[in-house]
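Everything below concerns the one structure shown next.
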Protein chains: 2
Amino acid sequence: MGNARRDKPADPAFVCGHKDPMAVRELLTRVGDKWSIFLILSLARSLGGRARFSELEKTIPGISQRMLTLTLRNLERDGLIAREVFPEIPPRVEYELTSLGKSLLDPLQGLVDWVTANWEQVKEVQSGFDAGRGSKRKINS
Amino acid sequence: MGNARRDKPADPAFVCGHKDPMAVRELLTRVGDKWSIFLILSLARSLGGRARFSELEKTIPGISQRMLTLTLRNLERDGLIAREVFPEIPPRVEYELTSLGKSLLDPLQGLVDWVTANWEQVKEVQSGFDAGRGSKRKINS
DNA sequence: TACAGCGATGAATGTGCCTTCTTGTGTGTT
DNA sequence: AACACACAAGAAGGCACATTCATCGCTGTA
């Protein structure tokens, strides 16, 4: 088989000479979904690091009840938040960051700081790109 | 209209009492896509911080020619990488991290370190979750 | 003239996330 | 009886991302 471009090692765990990037990608995929970062930051800023379902729903504008449930489940599955159900009627459910979740706040804060410092520049570059090479515009020398 | 659950402030920029999270989400959405993190880390580890298209294609197993192009475009649009075309035949195109892109390496390294330290625990929690509350399993006693 | 080489782009398909609407649970209230 | 509450989970649809296949650009070479 003359595979000119098919010489892939088929070893996705061996990217960039390190095993980490695969895991980093998984983390970014989860934390990079539409609502996770809001939930994490909201819980971090809640008093006592705790909040109940309905509080989170009010805190995060635009999130639907369903997406709140699903996103909380995913974060719980990763061990970043803990769920506590109180046997009351009507039900009360509280969420909080686990120690694992809190430990993630540090690197996340690094990203937040970077965005605070550089996001304006990113938007400018985007605008320039969209005005030039981005769209199909000719540049008049 | 009796909107029982429709009392959304419709101000998505005002999440968590800060304006940052919206931008952080945009960054995470971009960097959290399937290939961006690999490209950034690969470029960071390339000699001289530069690599040409075909090198990146070999370095990152599994990526298709098209996704490499698209992901590079997006990162270029955000100002994280720079593209240089050499007027040769066959064409040669080299990519490198901009200073903006390099400045992002610091917070990203924070995430990489966190993953290195905690990913094993995350996988364990996931396994436990999938074995218990995650799937539809009953717990005996 | 046919092909190799590198990079980019287009079309068509598939997959998964996100959204919206709806239903369910159990008790206390009207 | 009918409804409210707070939380959860199902079904159905849309849309954005990802994949695969195909083609184009230009030149030197067999």
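Lettering of chains follows the sequences in order, A, B, ..., and the numbering in each one begins at 1.
The distance between atom CZ of B:F86 and atom P of C:dG7, rounded to the nearest whole Å, is 11 Å. Atom CZ in B:R25 sits roughly 16 Å away from atom P in C:dC17 (whole-Å rounding). Rounded to whole angstrom, the span from the CG atom of B:L56 across to the P atom of C:dC6 amounts to 14 Å. Put simply, CD on B:E57 is 8 Å from P on C:dG7, counting in whole angstrom units. In this structure, the CZ atom of B:R92 is 16 Å from the C1' atom of D:dC26, given to the nearest Å. For B:Q65 and D:dC24, the CD to C1' distance is 12 Å, given to the nearest whole Å. One can place CG of A:L68 at 13 Å from P of C:dC18, the figure rounded to the nearest angstrom. Separating the CD atom of A:E76 from the P atom of D:dC7 is a distance of 15 Å, rounded to the nearest angstrom.
Each of A:L39, A:L108, A:N74, A:D78 was compared with A:V31 under the side chain to side chain contact (heavy atoms under 4.5 Å, CB included) criterion, and only A:L108 meets it.
OP1 or OP2 of C:dG7 has at least one side-chain nitrogen or oxygen of B:S54 nearer than 4.0 Å. Contact check, A:R52 against D:dC7: a side-chain N or O comes under 4.0 Å of OP1 or OP2.
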Can you give me the N/O atom pairs linking the protein to nucleotides 24-30 of chain C at distances under 3.5 Å, or say none if there are none?
none

Under 3.5 Å, N/O pairs linking protein and nucleotides 14-19 of chain D:
residue, atom, partner, partner atom, Å
D:dA18, OP1, B:K34, N, 2.9
D:dT19, OP1, B:K34, NZ, 2.6
D:dT19, OP2, B:W35, NE1, 2.9

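Residues meeting the side-chain contact (heavy atoms from CB on, under 4.5 Å) test with B:S46, sequence neighbours left out: B:A51. A search for salt bridge (charged side-chain N to carboxylate O under 4.0 Å, His left out) contacts involving B:R50 returns B:E84, B:E94, B:E96, not counting sequence neighbours. Remark: B:S36 engages B:D33 in a side chain to side chain donor-acceptor pair (under 3.5 Å) (not counting sequence neighbours).
Counting only residues at least two apart or in different chains, salt bridge (Lys or Arg N to Asp or Glu O under 4.0 Å) contacts with residues 99-121 of chain B are absent.
Nucleic acid contact class of B:Y95 (heavy atoms, under 4.0 Å, all strands): sugar-phosphate only. Contact annotation for B:R30: no contact, since no heavy-atom pair falls under 4.0 Å across all strands.
A:R25 contributes a side-chain N or O that, together with a main-chain N or O of B:K34, makes up a donor-acceptor pair within less than 3.5 Å. Proximity of a side-chain donor or acceptor of B:S103 to a complementary backbone N or O of B:L100 within less than 3.5 Å is detected.
Using a 4.5 Å cut-off on side-chain heavy atoms (C-beta onward), B:L104 and B:L80 make contact.
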Under the side-chain contact (heavy atoms from CB on, under 4.5 Å) rule, what do A:F53 and A:T69 come out as? Steps first, then yes or no, please.
CA-CA 8 Å; A:F53 187 90; A:T69 299; 3.5 Å; yes
